[in-house]
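Worksheet: one structure, shown below.
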Amino acid sequence: MKKIKLGVFGGGRGSAFIDIVNDCGGEVVAICDKNENTLSHWKSKCPSIACYNNFDDFIEHEGLEAVLLSNYFHQHAPFAVRCLEKGIHVLSECASNCTMGEGVALCRAVEKSGAIYSLLENYPQMCANQELERLYKGGTLGELAYAEGEYVHTVSPEEKNSLAPGELHWRNWTPRSYYITHSLAPLMQMTDAMPVRVTGMASFNPTHLKGTAFRSGDSGAIMLCQTDTGAVMRVTGCAGFEPHGNWYRLSCTKGSAETVRGDEESVRLCYSHWAPPPSDDVGHWNTYKAQWQSHGDLAAKGGHGGGDFWVIFNFFNAIRENKQPYWDVYRATAMASVAILGWRSILEGSKPYDIPDFRKEEDRVKYENDFLSPFPDENGNVDIPCSSRPYAPSEEDLAAAHKQWGF
């Protein structure tokens with residue numbers, strides 16, 4: 001089997017994938033990062049890999065077939081488009097686009113290039129989430145009525161500062177709705193449902209942000225999504241309240257299945273008394289450890305509960321078979337639209353927004369020039385606020401952050 005030659009843009013997070021790429025029949029041949037310390041680490045650890053600090057040179061690397069984008073969260077789309085214009089396959093982490101106009105441009109670039117585009121979203125691939133997908137698609141739970149997805153990432157002020165070194169760092173300006181993929185993507189993949197409408201509300205509580213440069217006073221953004229199947233999904237985006245972790249629930253017409261809080265490897269399953277379970281050994285409530293259906297030894301070596309293995313495995317298979325991956329550009333941009341328009345809903349008193357279908361040109365035209373963004377330019381200027389209510393860190397907060405950063 002011919003190895004797929006992969007380049008990594010963003011050497012910090014990207015370093016987690018080297019062994020997985022090898023396990024899946026690929027080879028990392030090039031790395032690009034603007035941080036010279038990161039490049040020095042790669043040069044010492046993997047001297048055979050070409051290192052670049054310039055993206056233009058990086059995508060000209062001889063024989064480069066695919067690129068993994070693990071650069072800054074809000075900057076994936078423009079680099080994805082540039083790769084696609086050269087016929088390079090793209091695996092993009094977390095957010096496909098952070099403005100609506102970028103989403104339109106990305107869809108058009110994928111269609112024009114004929115290359116494979118896939119979102120690197122690993123949470124649907126965790127073992128318990130794969131089990132919920134297997135249960136739902138097995139049909140015994142009936143039709144989806146309601147679903148919940150929570151992604152809660154609590155951090156101390158010290159950890160927040162270490163993750164966001166600098167007043168203009170993207171993590172200090174990210175609205176709570178924008179990092180939505182870990183809460184919404186598993187529900188979408190489990191059920192194949194697509195969001196078609198969103199409305200949101202935020203929980204404003206900035207007390208836990210003291211001593212940081214974070215510009216949003218919100219601890220969470222709760223969004224309700226109507227799906228194309230008529231169901232409702234409640235998702236959190238990335239929340240900052242307790243408890244830390246992720247949790248998912250499918251409530252259906254014949255039963256319910258959910259992951260277990262505090263035990264991300266287990267599933268809790270029940271059936272309605274008028275819809276008996278398919279096996280006599282399943283009681284009204286049954287809690288059990290999820291098991292990998294295949295490739296468990298390789299998945300167990302990967303990060304994010306095995307999800308990091310599966311995203312590479314599925315991406316490479318899509319390239320080899322020349323088929324569209326599950327997380328193609330249309331599902332990716334629909335989910336990004338929930339994040340972006342969900343935030344506008346919050347800023348506008350929970351006004352509902354229809355989610356565009358970027359397969360349709362009439363939906364693209366509506367948003368092709370929409371580049372409103374909460375992320376700052378080099379001077380700290382933004383188009384829209386990243387906090388649901390006016391908020392800014394105090395001088396004391398910024399001084400504490402700068403003291404920890406050392407600059």
Side-chain angles (χ1 to χ4, degrees), residues 1-35 38-53 55 57-73 76 79-80 82-84 86-96 113 115-127 130 181 185 292 294-328 332:
M1 181 172 59
K2 178 180 174 291
K3 289 187 175 181
I4 294 172
K5 294 183 178 181
L6 179 76
V8 175
F9 183 46
R13 165 65 175 143
S15 63
F17 293 97
I18 295 179
D19 291 339
I20 298 172
V21 169
N22 292 332
D23 288 339
C24 293
E27 178 186 8
V28 177
V29 296
I31 173 71
C32 183
D33 201 288
K34 65 182 180 180
N35 189 307
T38 299
L39 290 180
S40 295
H41 172 75
W42 276 78
K43 289 175 182 177
S44 61
K45 182 180 179 181
C46 306
S48 64
I49 297 177
C51 293
Y52 300 90
N53 61 9
F55 189 80
D57 297 333
F58 166 67
I59 58 174
E60 294 294 339
H61 183 85
E62 185 176 357
L64 188 65
E65 298 174 81
V67 165
L68 189 162
L69 296 176
S70 54
N71 56 315
Y72 280 173
F73 170 84
H76 296 311
F79 292 103
R82 293 183 61 190
C83 291
L84 292 163
K86 295 184 65 64
I88 297 172
H89 307 297
V90 173
L91 180 61
S92 180
E93 187 159 33
C94 286
S96 58
S113 73
I116 298 297
Y117 174 92
S118 182
L119 188 70
L120 194 165
E121 173 44 47
N122 41 30
Y123 274 54
Q125 308 299 343
M126 292 178 173
C127 189
Q130 285 194 12
T181 60
W292 295 111
S294 65
H295 301 295
D297 54 337
L298 293 175
K301 293 162 54 179
H304 292 91
D308 284 354
F309 162 77
W310 284 104
V311 290
I312 299 295
F313 180 85
N314 292 333
F315 178 56
F316 282 0
N317 278 350
I319 292 173
R320 292 191 176 102
E321 298 172 15
N322 192 30
K323 68 177 184 181
Q324 288 302 309
Y326 187 86
W327 283 103
D328 63 10

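Predicted, not measured: the structure shown is a model, and the values here were computed from it.
- Here Arg320 contributes atom CZ and Lys2 contributes atom NZ; the two are 9.0 Å apart, rounded to the nearest 0.5 Å.
- Between Thr181 and Trp327, every side-chain heavy-atom pair lies at or beyond the 4.5 Å cut-off.
- Ring geometry for Tyr52 versus His61: interplanar angle over 60°, hence perpendicular rather than tilted (30 to 60°).
- We find the CG-CG distance between Leu69 and Leu119 to be 10.5 Å, quoted to the nearest 0.5 Å.
- Using a 4.5 Å cut-off on side-chain heavy atoms (C-beta onward), Cys46 and Ile18 make contact.
- Judged by distance alone, the side chain of Trp42 and the main-chain N or O of Gly11 form a donor-acceptor pair under 3.5 Å.
- Two residues are said to be in side-chain contact when any heavy atoms from C-beta on lie closer than 4.5 Å; Val90 and Phe9 fail this criterion.
- To the nearest 0.5 angstrom, Ile59 atom CD1 is 8.5 Å from Leu64 atom CG.
- The CZ atom of Arg13 lies 6.5 Å from the CG atom of Leu120; values are rounded to the nearest 0.5 Å.
- Considering only heavy atoms from C-beta on, Asn71 stays 4.5 Å or farther from Lys34 through its side chain.
- When all heavy atoms of Ser70 and Val8 are compared, the closest pair comes out as OG-CG1, 4.0 Å.
- A distance of 14.0 Å separates OH in Tyr72 from CD in Glu93, rounded to the nearest 0.5 Å.
- Distance check, rounded to the nearest 0.5 Å: NE2 of His304 to CD of Glu121 gives 9.0 Å.
- Between Gln125 and the choices Trp310, Phe309, Phe313, the side-chain contact (heavy atoms from CB on, under 4.5 Å) rule is met once, by Trp310.
- Put simply, the side chain of Pro325 does not reach to within 4.5 Å of the side chain of Asn314, judged on heavy atoms.
- By the 4.5 Å heavy-atom criterion applied to side chains, Ile312 and Leu91 are counted as neighbours.
- When all heavy atoms are compared, the tightest approach of Lys3 to Glu65 is O-OE2, 3.6 Å.
- Within 6.0 Å of the CD atom in Glu321, the count of heavy atoms belonging to other residues, nucleotides or ligands exceeds 12.
- Side-chain contact between Val311 and Ile20: absent, with no pair of heavy atoms (C-beta onward) separated by less than 4.5 Å.
- A salt bridge links Lys301 and Asp23; the closest N-O separation between the charged side-chain nitrogens and carboxylate oxygens is under 4.0 Å.
- Two residues are said to be in side-chain contact when any heavy atoms from C-beta on lie closer than 4.5 Å; Ile116 and Gln324 meet this criterion.
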